[in-house]
Amino acid sequence: MVAQAAFALMIVFTLSGAFLAVIPKKIVHNILGLCLAMFGITGVYLYLGSQFVAMMQLLIYVGAICMTYIFAIMLSPPLEKELPKRNKLKVITSAAVSSVVFIVMVKMIMSLKFEPLTDITRDWSIKALGHELLGRYFLVFELISLLLAIAIIGSIMVASFVRKKD
């Protein structure tokens, strides 16, 4: 009962953070919402018994969030400058694509059965972590690395576009 309440609380954190990451126009609020969502996802990993992935999620994504925060502050226009108007076609298109992705993800998540693991290992040695990293969590670790590389490349591209406009 307590575990399910904690799981529901983590889901509430994740969804609240996701909405905060998308809805407000202030970049600081967006970044804080993304951090909240990442902490919620870390809690879900802990609930599912994946301490290693939770640790990686916390270290890499919160670290990446800090880097994104720094990039966003560096790239954002000054506060006294008026924000540009949003293109309605882009907003509608992004809302439609986001809705489709959200529906697909909800259907995928609803088809899964979430249960905490009962055979959790408590060995946190470097050797055990290395075996877990190169075995069970290899794909997750590589996907996180790929996502970070894409985020860094995207930040550099955005910075170069902003500098060309100015």
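Just so you know, residue 1 is the first one in the sequence shown, and it goes up from there.
- The line from CG of Leu147 to CD1 of Ile144 is 8.5 Å long, rounded to the nearest 0.5 Å.
- The side-chain contact (heavy atoms from CB on, under 4.5 Å) test with Met56 is passed by exactly one of Phe141, Tyr137, Tyr45: Phe141.
- Using a 4.5 Å cut-off on side-chain heavy atoms (C-beta onward), Cys35 and Tyr61 make no contact.
- A donor-acceptor pair under 3.5 Å is absent between the side-chain atoms of Ser16 and the main chain of Phe13, judged by distance alone.
- Taken to the nearest 0.5 Å, the CD atom of Gln57 stands 11.0 Å off from the OG atom of Ser50.
- Phe39 and Phe19 fall into different hydrophobic clusters, defined by Ile, Leu, Val, Met, Phe, Trp and Tyr side-chain heavy atoms under 4.5 Å apart, directly or through other members.
- In this structure, the side chains of Arg86 and Lys25 come closer than 4.5 Å at one or more pairs of heavy atoms.
- Two residues are said to be in side-chain contact when any heavy atoms from C-beta on lie closer than 4.5 Å; Leu146 and Ile150 meet this criterion.
- Residues Leu20 and Leu32 fail the side-chain proximity criterion, which asks for heavy atoms closer than 4.5 Å.
- Cluster annotation: Leu46 is not connected to Leu9 through the hydrophobic network of ILVMFWY side chains, with a link wherever side-chain heavy atoms come within less than 4.5 Å.
- With rounding to the nearest 0.5 Å, the separation of CD1 in Ile60 from CE in Met55 is 9.0 Å.
- Atom CG of residue Leu36 and atom CD1 of residue Ile41 lie 10.0 Å apart, to the nearest 0.5 angstrom.
- Atom CG of Leu143 and atom CG of Leu148 lie 11.0 Å apart (nearest 0.5 Å).
- Criterion: ILVMFWY side-chain heavy atoms under 4.5 Å apart, direct or through other members. Under it, Val12 and Val22 are not part of a common hydrophobic cluster.
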